[in-house]
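All of these numbers come straight from a predicted model, not from anything done at the bench.
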Amino acid sequence: MKPKEFVALTTSIIFGIAIVFLLQYPLLSDDLTLSSLTSEIDGIEFWKNVVLQPLLLSITIVSLLFIALWIGIATTKTFTRSRDAYAMRATWFILAIVLFIIYEVLLLVFGYTPLLSEGSLPLQLNWLIQPLLFLDLILLFWLPTALATPRTLRYVPPLSMKIRSLIGG
(Lines give C-alpha, C1' and ligand atoms only; values in the text may rest on other atoms or scores of the structure.)
Protein backbone atom coordinates (compact mmCIF):
# COMPACT_ATOMS: atom_id res chain seq x y z
CA MET A 1 0.00 0.00 0.00
CA LYS A 2 1.36 3.37 -1.00
CA PRO A 3 1.71 6.08 1.68
CA LYS A 4 -0.93 8.19 -0.09
CA GLU A 5 -3.39 5.27 0.02
CA PHE A 6 -2.61 4.67 3.69
CA VAL A 7 -3.29 8.33 4.49
CA ALA A 8 -6.54 8.19 2.49
CA LEU A 9 -7.57 5.03 4.32
CA THR A 10 -6.79 6.43 7.75
CA THR A 11 -8.43 9.78 7.01
CA SER A 12 -11.60 8.24 5.59
CA ILE A 13 -11.94 5.83 8.52
CA ILE A 14 -11.49 8.66 11.03
CA PHE A 15 -14.01 10.75 9.07
CA GLY A 16 -16.56 7.91 9.05
CA ILE A 17 -16.14 7.19 12.75
CA ALA A 18 -16.42 10.91 13.54
CA ILE A 19 -19.69 11.18 11.61
CA VAL A 20 -21.10 8.10 13.35
CA PHE A 21 -20.11 9.06 16.89
CA LEU A 22 -20.07 12.86 16.74
CA LEU A 23 -23.14 13.45 14.55
CA GLN A 24 -25.30 10.32 14.43
CA TYR A 25 -25.03 9.41 18.10
CA PRO A 26 -26.00 12.89 19.38
CA LEU A 27 -28.81 13.04 16.82
CA LEU A 28 -30.14 9.64 17.87
CA SER A 29 -29.68 10.20 21.59
CA ASP A 30 -31.18 13.68 21.76
CA ASP A 31 -33.85 13.65 24.44
CA LEU A 32 -36.08 16.09 22.56
CA THR A 33 -36.10 13.94 19.43
CA LEU A 34 -36.68 10.77 21.38
CA SER A 35 -39.32 12.20 23.71
CA SER A 36 -41.40 13.21 20.71
CA LEU A 37 -41.55 9.52 19.76
CA THR A 38 -42.32 8.09 23.17
CA SER A 39 -43.32 9.26 26.61
CA GLU A 40 -41.30 6.59 28.42
CA ILE A 41 -38.27 8.48 29.75
CA ASP A 42 -36.82 5.36 31.42
CA GLY A 43 -37.13 3.54 28.11
CA ILE A 44 -35.20 6.30 26.34
CA GLU A 45 -32.27 6.08 28.76
CA PHE A 46 -32.27 2.30 28.54
CA TRP A 47 -32.35 2.48 24.73
CA LYS A 48 -29.44 4.93 24.57
CA ASN A 49 -27.24 2.88 26.92
CA VAL A 50 -28.16 -0.70 26.05
CA VAL A 51 -29.09 -0.44 22.37
CA LEU A 52 -27.57 2.58 20.64
CA GLN A 53 -24.03 2.68 22.04
CA PRO A 54 -23.24 -1.04 21.58
CA LEU A 55 -24.90 -1.06 18.16
CA LEU A 56 -22.85 1.82 16.78
CA LEU A 57 -19.65 0.41 18.29
CA SER A 58 -20.33 -3.05 16.83
CA ILE A 59 -21.12 -1.62 13.39
CA THR A 60 -17.84 0.29 13.45
CA ILE A 61 -15.77 -2.74 14.48
CA VAL A 62 -17.38 -5.03 11.89
CA SER A 63 -16.86 -2.38 9.20
CA LEU A 64 -13.17 -2.12 10.09
CA LEU A 65 -12.85 -5.90 9.81
CA PHE A 66 -14.47 -5.86 6.37
CA ILE A 67 -12.20 -3.02 5.24
CA ALA A 68 -9.20 -5.06 6.39
CA LEU A 69 -10.54 -8.09 4.53
CA TRP A 70 -11.00 -6.10 1.30
CA ILE A 71 -7.61 -4.40 1.57
CA GLY A 72 -6.05 -7.81 2.25
CA ILE A 73 -7.69 -9.24 -0.86
CA ALA A 74 -6.61 -6.23 -2.91
CA THR A 75 -2.99 -6.38 -1.82
CA THR A 76 -2.62 -10.09 -2.55
CA LYS A 77 -4.29 -10.04 -5.98
CA THR A 78 -2.54 -8.76 -9.07
CA PHE A 79 -4.03 -8.78 -12.52
CA THR A 80 -2.53 -8.05 -15.91
CA ARG A 81 -5.87 -7.65 -17.65
CA SER A 82 -8.41 -5.08 -16.61
CA ARG A 83 -11.25 -7.50 -17.34
CA ASP A 84 -9.95 -9.84 -14.63
CA ALA A 85 -9.62 -6.98 -12.14
CA TYR A 86 -13.10 -5.72 -13.00
CA ALA A 87 -14.49 -9.20 -12.27
CA MET A 88 -13.52 -8.60 -8.62
CA ARG A 89 -16.33 -6.04 -8.46
CA ALA A 90 -18.69 -8.91 -7.64
CA THR A 91 -16.53 -9.75 -4.61
CA TRP A 92 -16.68 -6.13 -3.44
CA PHE A 93 -20.48 -6.05 -3.80
CA ILE A 94 -20.83 -9.37 -1.98
CA LEU A 95 -18.78 -7.98 0.90
CA ALA A 96 -20.93 -4.82 0.98
CA ILE A 97 -24.19 -6.79 0.94
CA VAL A 98 -22.98 -9.20 3.63
CA LEU A 99 -21.85 -6.23 5.73
CA PHE A 100 -25.27 -4.60 5.44
CA ILE A 101 -26.94 -7.88 6.43
CA ILE A 102 -24.64 -8.02 9.45
CA TYR A 103 -25.72 -4.45 10.30
CA GLU A 104 -29.35 -5.60 10.22
CA VAL A 105 -28.57 -8.64 12.39
CA LEU A 106 -26.77 -6.40 14.87
CA LEU A 107 -29.82 -4.13 14.93
CA LEU A 108 -31.97 -7.16 15.71
CA VAL A 109 -29.61 -8.40 18.41
CA PHE A 110 -28.99 -5.07 20.11
CA GLY A 111 -32.22 -3.34 19.18
CA TYR A 112 -34.93 -5.86 19.78
CA THR A 113 -33.68 -8.54 22.15
CA PRO A 114 -33.14 -6.22 25.17
CA LEU A 115 -36.39 -4.39 24.44
CA LEU A 116 -38.38 -7.59 24.36
CA SER A 117 -36.95 -8.67 27.69
CA GLU A 118 -37.86 -5.32 29.24
CA GLY A 119 -41.47 -5.49 28.14
CA SER A 120 -43.07 -2.32 26.87
CA LEU A 121 -40.05 -0.31 25.83
CA PRO A 122 -40.50 1.76 22.68
CA LEU A 123 -39.64 -0.31 19.61
CA GLN A 124 -40.19 2.70 17.36
CA LEU A 125 -36.85 4.10 18.54
CA ASN A 126 -35.11 1.39 16.53
CA TRP A 127 -36.71 2.72 13.35
CA LEU A 128 -34.61 5.84 13.75
CA ILE A 129 -31.51 3.77 13.08
CA GLN A 130 -32.78 2.02 9.98
CA PRO A 131 -32.11 4.80 7.41
CA LEU A 132 -28.74 5.54 8.99
CA LEU A 133 -27.46 1.99 8.50
CA PHE A 134 -27.07 2.63 4.77
CA LEU A 135 -25.24 5.89 5.52
CA ASP A 136 -22.95 3.94 7.87
CA LEU A 137 -22.24 1.47 5.07
CA ILE A 138 -21.23 4.35 2.82
CA LEU A 139 -19.10 6.10 5.43
CA LEU A 140 -17.51 3.07 7.06
CA PHE A 141 -17.00 0.75 4.08
CA TRP A 142 -17.48 2.33 0.66
CA LEU A 143 -15.54 5.55 1.25
CA PRO A 144 -12.42 3.90 2.73
CA THR A 145 -12.37 1.20 0.06
CA ALA A 146 -12.99 3.68 -2.75
CA LEU A 147 -10.15 5.90 -1.60
CA ALA A 148 -7.59 3.34 -0.48
CA THR A 149 -7.93 0.10 -2.44
CA PRO A 150 -4.39 -0.55 -3.62
CA ARG A 151 -2.84 -1.60 -6.90
CA THR A 152 -4.79 -3.22 -9.69
CA LEU A 153 -8.11 -3.25 -7.82
CA ARG A 154 -8.13 0.48 -7.02
CA TYR A 155 -11.01 1.18 -9.42
CA VAL A 156 -13.18 -1.78 -8.41
CA PRO A 157 -15.31 -0.05 -5.71
CA PRO A 158 -18.13 1.90 -7.37
CA LEU A 159 -17.28 5.52 -8.26
CA SER A 160 -13.72 5.08 -7.00
CA MET A 161 -12.29 6.41 -10.25
CA LYS A 162 -14.31 9.62 -9.93
CA ILE A 163 -13.62 10.15 -6.24
CA ARG A 164 -9.91 9.43 -6.68
CA SER A 165 -9.73 11.93 -9.54
CA LEU A 166 -11.31 14.56 -7.29
CA ILE A 167 -8.63 14.12 -4.64
CA GLY A 168 -5.81 13.67 -7.12
CA GLY A 169 -5.34 9.92 -6.94
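- No continuous path of ILVMFWY side-chain contacts below 4.5 Å connects Leu52 to Leu22, so the two sit in separate hydrophobic clusters.
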Identify all side-chain donor-acceptor contacts of residues 131-142 below 3.5 Å with residues at least two apart in sequence or on another chain.
residue, atom, partner, partner atom, Å
Asp136, OD1, Gln24, NE2, 2.6
Trp142, NE1, Pro158, O, 2.6

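- By the criterion of side-chain heavy atoms lying less than 4.5 angstrom apart, applied directly or through intervening Ile, Leu, Val, Met, Phe, Trp or Tyr residues, Ile163 is grouped together with Leu159 in one hydrophobic cluster.
- Once rounded to the nearest 0.5 Å, the distance linking CZ of Arg154 with OG1 of Thr145 reads 15.0 Å.
- In the displayed structure, Phe100 atom CZ is contacted under 6.0 Å by more than 12 heavy atoms of other residues, nucleotides or ligands.
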Val20 and Ile59: CA distance, side-chain angles, deciding distance, side-chain contact (heavy atoms from CB on, under 4.5 Å) verdict: CA-CA 10 Å; Val20 169; Ile59 284 174; over 6 Å; no
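- Here CG of Leu153 is found 9.0 Å from CD1 of Ile73. Values are rounded to the nearest 0.5 Å.
- A single hydrophobic cluster is seen to contain both Leu64 and Phe21, as judged by linkage of ILVMFWY side chains at heavy-atom distances under 4.5 Å, directly or through other members.
- The closest donor-acceptor contact from the side chain of Ser165 to the backbone of Lys162 lies under 3.5 Å.
- Evaluation of the side chain to side chain contact (heavy atoms under 4.5 Å, CB included) rule for Thr75 yields Ile71, Pro150 as partners, not counting sequence neighbours.
- Nearest heavy atoms, Gln130 versus Leu107: OE1-CD2, 3.0 Å.
- Note on residues 62-73: pairs passing side-chain hydrogen bond (donor to acceptor under 3.5 Å, both in side chains), not counting sequence neighbours, are Ser63-Tyr103, Trp70-Thr149.
- Taking the side chain as every heavy atom from C-beta outward, Lys2 and Arg151 never approach each other to under 4.5 Å.
- We find the CE-CD1 distance between Met88 and Ile94 to be 9.5 Å, quoted to the nearest 0.5 Å.
- Considering CG of Leu95 and CG of Leu65, their distance stands at 12.0 Å, rounded to 0.5 Å.
- Nearest approach of Ala146 to Pro157, heavy atoms of both residues: CA-CB, 3.9 Å.
- How far CG of Leu147 is from NZ of Lys4: 10.5 Å, rounded to the nearest 0.5 Å.
- Interatomic distance, OH of Tyr25 versus CD of Gln53, reported as 3.5 Å (0.5 Å rounding).
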Residue pair Phe66, Ile102: steps toward the side-chain contact (heavy atoms from CB on, under 4.5 Å) verdict: CA-CA 11 Å; Phe66 270 68; Ile102 290 173; 3.6 Å; yes
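- Side-chain heavy atoms closer than 4.5 Å link hydrophobic residues (I, L, V, M, F, W, Y) into clusters, and following such links, even through other members, never connects Phe93 to Tyr86.
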